[in-house]
Number of protein chains: 2
Amino acid sequence: MLQDPNIDSSLTKNQSLVLESLNDARGPLSAYSILDKLRNKGFKAPLQVYRALDKLTEFGFVHRLESLNSFIACKHASCDDSAATAFVICDSCEVVQEMSDISISNFMAVLANKASVKPIKSNIELHGICNDCEKK
Amino acid sequence: MLQDPNIDSSLTKNQSLVLESLNDARGPLSAYSILDKLRNKGFKAPLQVYRALDKLTEFGFVHRLESLNSFIACKHASCDDSAATAFVICDSCEVVQEMSDISISNFMAVLANKASVKPIKSNIELHGICNDCEKK
DNA sequence: ATGAATAATGTAATAATATAACATTTACTT
DNA sequence: AAGTAAATGTTATATTATTACATTATTCAT
(Lines give C-alpha, C1' and ligand atoms only; values in the text may rest on other atoms or scores of the structure.)
Protein backbone atom coordinates (compact mmCIF):
# COMPACT_ATOMS: atom_id res chain seq x y z
CA MET A 1 0.00 0.00 0.00
CA LEU A 2 1.60 3.19 -1.21
CA GLN A 3 1.56 6.25 0.99
CA ASP A 4 1.24 9.80 -0.24
CA PRO A 5 4.88 10.96 -0.31
CA ASN A 6 3.82 14.52 0.42
CA ILE A 7 2.30 13.41 3.67
CA ASP A 8 5.07 11.11 4.78
CA SER A 9 7.85 13.47 3.83
CA SER A 10 6.58 16.06 6.28
CA LEU A 11 6.94 13.60 9.10
CA THR A 12 9.98 12.75 11.13
CA LYS A 13 11.23 9.20 11.39
CA ASN A 14 9.52 8.49 14.71
CA GLN A 15 6.30 10.06 13.56
CA SER A 16 6.31 7.97 10.38
CA LEU A 17 6.94 4.78 12.30
CA VAL A 18 4.11 5.44 14.72
CA LEU A 19 1.73 6.36 11.92
CA GLU A 20 2.65 3.20 10.01
CA SER A 21 1.91 1.10 13.07
CA LEU A 22 -1.53 2.65 13.32
CA ASN A 23 -2.18 2.29 9.60
CA ASP A 24 -1.25 -1.37 9.72
CA ALA A 25 -3.44 -2.06 12.72
CA ARG A 26 -6.97 -3.31 12.27
CA GLY A 27 -8.22 -1.23 15.18
CA PRO A 28 -7.12 1.29 17.77
CA LEU A 29 -3.83 0.79 19.59
CA SER A 30 -2.65 1.92 23.00
CA ALA A 31 0.56 3.92 23.20
CA TYR A 32 2.28 1.01 24.90
CA SER A 33 1.25 -1.51 22.29
CA ILE A 34 2.66 0.84 19.65
CA LEU A 35 5.85 0.96 21.69
CA ASP A 36 6.02 -2.82 21.70
CA LYS A 37 5.52 -2.98 17.93
CA LEU A 38 8.35 -0.50 17.44
CA ARG A 39 10.95 -1.93 19.81
CA ASN A 40 12.56 -3.74 16.90
CA LYS A 41 12.85 -0.38 15.17
CA GLY A 42 14.80 1.06 18.05
CA PHE A 43 12.03 2.46 20.22
CA LYS A 44 12.81 2.15 23.90
CA ALA A 45 10.63 4.55 25.88
CA PRO A 46 6.96 5.55 25.98
CA LEU A 47 7.84 9.18 25.44
CA GLN A 48 9.01 8.42 21.94
CA VAL A 49 5.52 7.20 21.17
CA TYR A 50 3.65 9.90 23.03
CA ARG A 51 5.63 12.67 21.40
CA ALA A 52 4.97 11.29 17.94
CA LEU A 53 1.29 10.81 18.76
CA ASP A 54 1.04 14.42 19.95
CA LYS A 55 2.31 15.70 16.64
CA LEU A 56 0.30 13.28 14.55
CA THR A 57 -2.84 14.27 16.42
CA GLU A 58 -2.00 17.92 15.95
CA PHE A 59 -1.58 17.31 12.19
CA GLY A 60 -4.91 15.49 12.07
CA PHE A 61 -3.43 12.15 10.99
CA VAL A 62 -4.33 10.41 14.22
CA HIS A 63 -7.27 10.56 16.59
CA ARG A 64 -7.34 9.71 20.24
CA LEU A 65 -10.20 7.57 21.50
CA GLU A 66 -10.65 8.93 24.99
CA SER A 67 -12.85 6.17 26.27
CA LEU A 68 -10.32 3.53 25.23
CA ASN A 69 -7.07 5.36 26.04
CA SER A 70 -6.00 4.47 22.56
CA PHE A 71 -5.24 5.89 19.16
CA ILE A 72 -6.38 5.33 15.61
CA ALA A 73 -5.18 6.55 12.22
CA CYS A 74 -7.51 8.99 10.55
CA LYS A 75 -9.26 7.33 7.64
CA HIS A 76 -9.92 10.59 5.85
CA ALA A 77 -7.57 12.22 3.39
CA SER A 78 -7.09 15.11 5.73
CA CYS A 79 -9.01 15.76 8.88
CA ASP A 80 -8.80 19.48 9.34
CA ASP A 81 -9.46 20.97 12.74
CA SER A 82 -12.77 22.51 11.73
CA ALA A 83 -14.42 19.16 11.09
CA ALA A 84 -15.85 17.33 14.08
CA THR A 85 -15.51 13.58 14.00
CA ALA A 86 -17.55 10.95 15.76
CA PHE A 87 -16.40 7.44 16.54
CA VAL A 88 -18.71 4.48 16.70
CA ILE A 89 -17.15 1.59 18.54
CA CYS A 90 -18.39 -1.98 18.65
CA ASP A 91 -17.79 -3.22 22.18
CA SER A 92 -17.83 -6.79 20.93
CA CYS A 93 -15.47 -6.88 17.93
CA GLU A 94 -13.81 -3.53 18.69
CA VAL A 95 -14.21 -2.26 15.16
CA VAL A 96 -14.23 1.53 15.07
CA GLN A 97 -16.12 3.54 12.49
CA GLU A 98 -15.01 7.11 11.97
CA MET A 99 -17.91 9.34 10.99
CA SER A 100 -17.25 12.82 9.80
CA ASP A 101 -20.03 14.56 7.96
CA ILE A 102 -21.25 18.11 8.13
CA SER A 103 -24.18 17.22 10.39
CA ILE A 104 -21.76 16.31 13.15
CA SER A 105 -19.93 19.60 12.90
CA ASN A 106 -23.25 21.42 12.84
CA PHE A 107 -24.45 19.58 15.89
CA MET A 108 -21.36 20.48 17.85
CA ALA A 109 -21.61 24.10 16.73
CA VAL A 110 -25.15 24.25 18.05
CA LEU A 111 -24.04 22.67 21.31
CA ALA A 112 -21.22 25.19 21.70
CA ASN A 113 -23.63 27.99 21.02
CA LYS A 114 -26.15 26.73 23.56
CA ALA A 115 -23.41 26.55 26.17
CA SER A 116 -21.93 29.91 25.21
CA VAL A 117 -18.55 28.35 24.67
CA LYS A 118 -16.00 28.97 21.96
CA PRO A 119 -15.19 25.44 20.77
CA ILE A 120 -11.65 24.07 20.70
CA LYS A 121 -11.94 20.32 20.38
CA SER A 122 -14.78 17.86 20.44
CA ASN A 123 -14.89 14.24 21.36
CA ILE A 124 -17.82 12.07 20.38
CA GLU A 125 -17.78 8.35 21.02
CA LEU A 126 -20.66 5.96 20.75
CA HIS A 127 -20.30 2.45 22.11
CA GLY A 128 -22.60 -0.30 20.95
CA ILE A 129 -22.88 -3.62 19.18
CA CYS A 130 -22.44 -3.66 15.44
CA ASN A 131 -24.75 -5.43 13.05
CA ASP A 132 -22.40 -8.34 12.43
CA CYS A 133 -21.89 -9.06 16.12
CA GLU A 134 -25.58 -8.67 16.82
CA LYS A 135 -26.40 -11.47 14.37
CA LYS A 136 -24.07 -13.97 15.99
CA MET B 1 -28.02 20.66 52.50
CA LEU B 2 -30.64 17.95 52.74
CA GLN B 3 -30.48 14.98 50.42
CA ASP B 4 -33.46 13.10 49.09
CA PRO B 5 -33.72 10.21 51.58
CA ASN B 6 -35.05 7.91 48.90
CA ILE B 7 -31.91 8.37 46.91
CA ASP B 8 -29.42 8.19 49.72
CA SER B 9 -31.08 5.27 51.42
CA SER B 10 -30.50 3.10 48.36
CA LEU B 11 -26.78 3.75 48.57
CA THR B 12 -24.20 2.06 50.72
CA LYS B 13 -21.97 4.02 53.05
CA ASN B 14 -19.05 4.20 50.65
CA GLN B 15 -21.27 5.11 47.75
CA SER B 16 -22.88 7.92 49.76
CA LEU B 17 -19.52 9.31 50.81
CA VAL B 18 -18.20 9.35 47.26
CA LEU B 19 -21.38 10.94 45.95
CA GLU B 20 -21.22 13.60 48.67
CA SER B 21 -17.65 14.43 47.70
CA LEU B 22 -18.72 14.94 44.12
CA ASN B 23 -21.77 16.97 45.09
CA ASP B 24 -19.63 19.25 47.25
CA ALA B 25 -17.04 19.76 44.53
CA ARG B 26 -17.25 22.73 42.20
CA GLY B 27 -16.04 20.67 39.27
CA PRO B 28 -15.00 17.18 38.26
CA LEU B 29 -12.75 15.14 40.55
CA SER B 30 -10.29 12.37 39.84
CA ALA B 31 -10.71 9.10 41.70
CA TYR B 32 -7.54 9.77 43.65
CA SER B 33 -8.60 13.24 44.72
CA ILE B 34 -11.85 11.72 45.97
CA LEU B 35 -9.75 9.20 47.85
CA ASP B 36 -7.76 11.99 49.47
CA LYS B 37 -10.93 13.81 50.51
CA LEU B 38 -12.24 10.65 52.13
CA ARG B 39 -9.16 9.48 53.99
CA ASN B 40 -10.46 11.15 57.13
CA LYS B 41 -13.62 9.09 56.73
CA GLY B 42 -11.65 5.86 56.73
CA PHE B 43 -10.93 5.42 53.04
CA LYS B 44 -7.56 3.80 52.45
CA ALA B 45 -7.41 2.37 48.95
CA PRO B 46 -8.35 3.48 45.43
CA LEU B 47 -10.56 0.47 44.97
CA GLN B 48 -12.97 1.78 47.57
CA VAL B 49 -13.47 4.82 45.37
CA TYR B 50 -13.55 3.01 42.05
CA ARG B 51 -16.07 0.48 43.26
CA ALA B 52 -18.38 3.19 44.52
CA LEU B 53 -17.95 5.15 41.29
CA ASP B 54 -18.85 2.08 39.26
CA LYS B 55 -22.12 1.71 41.06
CA LEU B 56 -22.93 5.41 41.09
CA THR B 57 -22.28 5.56 37.37
CA GLU B 58 -24.45 2.51 36.84
CA PHE B 59 -27.25 4.19 38.82
CA GLY B 60 -26.87 7.37 36.78
CA PHE B 61 -25.86 9.55 39.73
CA VAL B 62 -22.36 10.13 38.42
CA HIS B 63 -20.83 10.64 35.01
CA ARG B 64 -17.34 9.93 33.91
CA LEU B 65 -15.55 12.55 31.84
CA GLU B 66 -13.38 10.41 29.62
CA SER B 67 -11.15 13.18 28.36
CA LEU B 68 -10.32 14.27 31.90
CA ASN B 69 -10.16 10.88 33.60
CA SER B 70 -12.47 12.33 36.18
CA PHE B 71 -15.96 12.14 37.55
CA ILE B 72 -18.82 14.54 38.15
CA ALA B 73 -22.15 14.28 39.96
CA CYS B 74 -25.17 14.28 37.68
CA LYS B 75 -26.99 17.57 37.95
CA HIS B 76 -30.29 16.13 36.79
CA ALA B 77 -32.90 14.61 39.06
CA SER B 78 -32.37 11.26 37.46
CA CYS B 79 -30.30 10.55 34.43
CA ASP B 80 -31.82 7.42 32.99
CA ASP B 81 -29.82 5.34 30.58
CA SER B 82 -31.93 6.26 27.59
CA ALA B 83 -30.95 9.93 27.72
CA ALA B 84 -27.69 10.93 26.12
CA THR B 85 -25.75 13.63 27.88
CA ALA B 86 -23.17 16.03 26.50
CA PHE B 87 -20.53 17.80 28.54
CA VAL B 88 -19.18 21.19 27.66
CA ILE B 89 -15.90 21.85 29.40
CA CYS B 90 -14.12 25.18 29.70
CA ASP B 91 -10.42 24.46 29.35
CA SER B 92 -9.61 27.68 31.17
CA CYS B 93 -11.77 27.67 34.32
CA GLU B 94 -12.65 23.97 34.12
CA VAL B 95 -16.35 24.58 34.64
CA VAL B 96 -18.40 21.73 33.19
CA GLN B 97 -21.89 22.17 31.79
CA GLU B 98 -24.02 19.08 31.55
CA MET B 99 -26.41 19.28 28.62
CA SER B 100 -29.15 16.73 28.27
CA ASP B 101 -31.98 17.54 25.95
CA ILE B 102 -33.85 15.42 23.47
CA SER B 103 -31.90 16.76 20.50
CA ILE B 104 -28.75 15.13 21.86
CA SER B 105 -30.45 11.77 22.24
CA ASN B 106 -31.89 12.13 18.77
CA PHE B 107 -28.53 12.98 17.30
CA MET B 108 -26.90 9.93 18.83
CA ALA B 109 -29.77 7.74 17.65
CA VAL B 110 -29.23 8.97 14.11
CA LEU B 111 -25.52 8.33 14.42
CA ALA B 112 -26.10 4.80 15.69
CA ASN B 113 -28.49 4.19 12.83
CA LYS B 114 -26.02 5.45 10.23
CA ALA B 115 -23.34 3.18 11.65
CA SER B 116 -25.71 0.22 11.94
CA VAL B 117 -24.89 -0.15 15.59
CA LYS B 118 -27.13 -0.91 18.53
CA PRO B 119 -26.18 1.82 21.01
CA ILE B 120 -25.04 1.05 24.55
CA LYS B 121 -23.38 4.17 25.86
CA SER B 122 -22.46 7.51 24.42
CA ASN B 123 -19.80 9.97 25.37
CA ILE B 124 -19.91 13.53 24.11
CA GLU B 125 -17.42 16.09 25.34
CA LEU B 126 -16.80 19.53 23.93
CA HIS B 127 -13.77 21.48 25.08
CA GLY B 128 -13.65 25.22 24.63
CA ILE B 129 -13.45 28.57 26.35
CA CYS B 130 -16.52 29.82 28.15
CA ASN B 131 -17.93 33.28 27.77
CA ASP B 132 -16.60 34.54 31.10
CA CYS B 133 -13.05 33.38 30.42
CA GLU B 134 -13.18 34.74 26.88
CA LYS B 135 -13.86 38.24 28.20
CA LYS B 136 -10.89 38.29 30.54
C1' DA C 1 -34.72 -17.65 62.94
C1' DT C 2 -31.22 -20.17 59.95
C1' DG C 3 -28.39 -21.15 56.39
C1' DA C 4 -27.24 -20.30 51.49
C1' DA C 5 -26.46 -17.04 48.18
C1' DT C 6 -25.34 -12.42 46.79
C1' DA C 7 -23.39 -8.00 47.34
C1' DA C 8 -20.23 -4.97 49.51
C1' DT C 9 -15.90 -4.08 51.81
C1' DG C 10 -10.81 -4.24 53.24
C1' DT C 11 -6.23 -4.56 51.84
C1' DA C 12 -1.97 -5.42 49.38
C1' DA C 13 0.13 -5.77 45.26
C1' DT C 14 0.64 -4.66 40.63
C1' DA C 15 -0.72 -3.22 35.93
C1' DA C 16 -1.53 0.35 32.59
C1' DT C 17 -1.26 5.02 31.11
C1' DA C 18 1.18 9.42 30.95
C1' DT C 19 4.54 13.16 32.01
C1' DA C 20 8.73 15.74 34.05
C1' DA C 21 13.38 16.75 33.63
C1' DC C 22 17.52 17.09 31.44
C1' DA C 23 21.14 15.92 28.04
C1' DT C 24 22.02 15.37 23.14
C1' DT C 25 21.31 15.48 18.28
C1' DT C 26 19.26 16.99 14.05
C1' DA C 27 17.24 20.32 10.93
C1' DC C 28 16.40 24.93 9.55
C1' DT C 29 17.56 29.86 8.87
C1' DT C 30 20.34 33.60 8.05
C1' DA D 1 29.37 28.37 9.62
C1' DA D 2 26.82 30.04 13.65
C1' DG D 3 22.66 30.43 15.92
C1' DT D 4 18.06 28.90 16.74
C1' DA D 5 14.26 25.82 16.94
C1' DA D 6 12.63 21.22 16.74
C1' DA D 7 13.14 16.51 17.56
C1' DT D 8 15.20 12.73 20.03
C1' DG D 9 17.23 9.69 23.83
C1' DT D 10 16.93 8.26 28.42
C1' DT D 11 15.88 7.88 33.28
C1' DA D 12 12.85 8.48 36.67
C1' DT D 13 8.45 9.24 38.39
C1' DA D 14 3.50 10.56 38.48
C1' DT D 15 -1.19 9.28 37.64
C1' DT D 16 -4.93 6.20 36.78
C1' DA D 17 -6.97 1.64 37.19
C1' DT D 18 -7.36 -3.38 38.12
C1' DT D 19 -6.29 -8.24 40.00
C1' DA D 20 -6.52 -11.23 43.63
C1' DC D 21 -7.99 -12.85 47.73
C1' DA D 22 -9.81 -12.57 52.47
C1' DT D 23 -13.65 -10.83 55.21
C1' DT D 24 -18.07 -8.82 56.46
C1' DA D 25 -22.79 -7.46 55.61
C1' DT D 26 -27.24 -8.05 53.40
C1' DT D 27 -30.88 -10.49 51.22
C1' DC D 28 -33.97 -14.02 50.74
C1' DA D 29 -35.91 -18.57 50.58
C1' DT D 30 -36.90 -22.20 53.58
Side-chain angles (χ1 to χ4, degrees), chain A residues 6-22 25 27-59 61-72 89 91 94 121 123 125 127, chain B residues 6-22 25 27-59 61-72 89 91 94 121 123 125 127:
Chain A
N6 292 323
I7 289 180
D8 264 24
S9 66
S10 71
L11 299 179
T12 67
K13 189 184 157 201
N14 285 3
Q15 289 161 13
S16 297
L17 287 168
V18 168
L19 184 53
E20 274 170 36
S21 297
L22 286 170
L29 296 178
S30 73
Y32 278 77
S33 68
I34 294 171
L35 174 58
D36 286 340
K37 283 177 190 297
L38 292 177
R39 283 194 193 281
N40 55 10
K41 300 274 170 74
F43 273 49
K44 288 182 179 163
L47 208 48
Q48 296 175 295
V49 177
Y50 282 109
R51 285 201 277 228
L53 287 171
D54 279 351
K55 285 295 176 187
L56 291 168
T57 303
E58 188 185 319
F59 299 155
F61 297 153
V62 164
H63 297 288
R64 185 192 159 94
L65 296 171
E66 300 287 354
S67 64
L68 299 177
N69 292 331
S70 63
F71 302 85
I72 193 166
I89 302 154
D91 284 349
E94 296 177 1
K121 185 177 186 302
N123 177 241
E125 295 171 23
H127 288 260
Chain B
N6 292 323
I7 290 178
D8 264 26
S9 65
S10 71
L11 298 180
T12 67
K13 188 184 159 200
N14 286 3
Q15 289 162 12
S16 296
L17 287 168
V18 168
L19 184 54
E20 275 171 35
S21 297
L22 286 171
L29 296 178
S30 73
Y32 277 77
S33 67
I34 295 172
L35 174 58
D36 286 340
K37 283 177 190 297
L38 293 177
R39 283 194 193 280
N40 56 11
K41 299 275 170 72
F43 273 50
K44 287 181 180 164
L47 206 50
Q48 295 175 297
V49 177
Y50 281 109
R51 285 201 276 227
L53 286 171
D54 278 351
K55 284 296 176 183
L56 291 167
T57 303
E58 187 186 319
F59 298 156
F61 297 153
V62 164
H63 296 290
R64 184 192 161 96
L65 295 171
E66 300 288 352
S67 63
L68 300 177
N69 291 329
S70 64
F71 302 85
I72 193 167
I89 302 155
D91 283 350
E94 297 178 0
K121 187 175 184 303
N123 176 241
E125 294 171 24
H127 289 260

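Letters go in sequence order (proteins before strands), and every chain restarts at 1. All values derive from a computational prediction rather than experimental measurement. Computed over heavy atoms, backbone and side chain alike; hydrogens, waters and symmetry mates excluded.
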Minimum heavy-atom distance between A/Phe43 and A/Leu35, given as atom pair plus value
CB-CD1, 3.9 Å
Once you build an axis from the first five pairs and another from the last five of the helix from C/dA1-D/dT30 to C/dT30-D/dA1, how far apart in angle are they, to 10 degrees?
40°
Checking B/Glu125 side chain against B/Glu66 main chain: does a donor-acceptor pair fall under 3.5 Å?
yes
Quick check for you: name the first and last nucleotides of DNA chain D, 5' to 3', having an atom under 4.0 Å from a heavy atom of chain A.
D/dA7 to D/dT11
State, to 0.1 Å, how close A/Arg64 and A/Asn123 come at their nearest heavy-atom pair, and which atoms those are.
O-ND2, 4.1 Å
Which heavy atom of A/Phe71 sits nearest a heavy atom of A/Leu22, and at what distance?
O-CD2, 3.3 Å
Quick one, B/Ser67 with B/Ile89, criterion side chain to side chain contact (heavy atoms under 4.5 Å, CB included). Give me CA distance, side-chain angles, the key distance, then yes/no.
CA-CA 10 Å; B/Ser67 63; B/Ile89 302 155; 4.2 Å; yes
What is the per-nucleotide protein-contact pattern of nucleotides 5-23 of chain C, from the 5' end, where B denotes a base atom under 4.0 Å from a protein heavy atom, S denotes such proximity for sugar-phosphate atoms only, and - denotes neither?
---SBBB-----BBBBB--
Carefully, step by step, assess A/His127 and A/Leu68 under the rule side chain to side chain contact (heavy atoms under 4.5 Å, CB included).
CA-CA 11 Å; A/His127 288 260; A/Leu68 299 177; 4.0 Å; yes
Closest approach of A/Lys44 and A/Arg39, non-hydrogen atoms and distance?
O-NH1, 3.6 Å
If you take all heavy atoms of B/Pro28 and B/Glu94, which pair is closest and at what distance?
CD-O, 4.0 Å
Where B/Val18 and B/Ala52 come nearest, the two heavy atoms and their spacing:
CG2-CB, 3.6 Å
Does a salt bridge link A/Asp54 with A/Arg51, judged by any charged N lying under 4.0 Å from a carboxylate O?
no
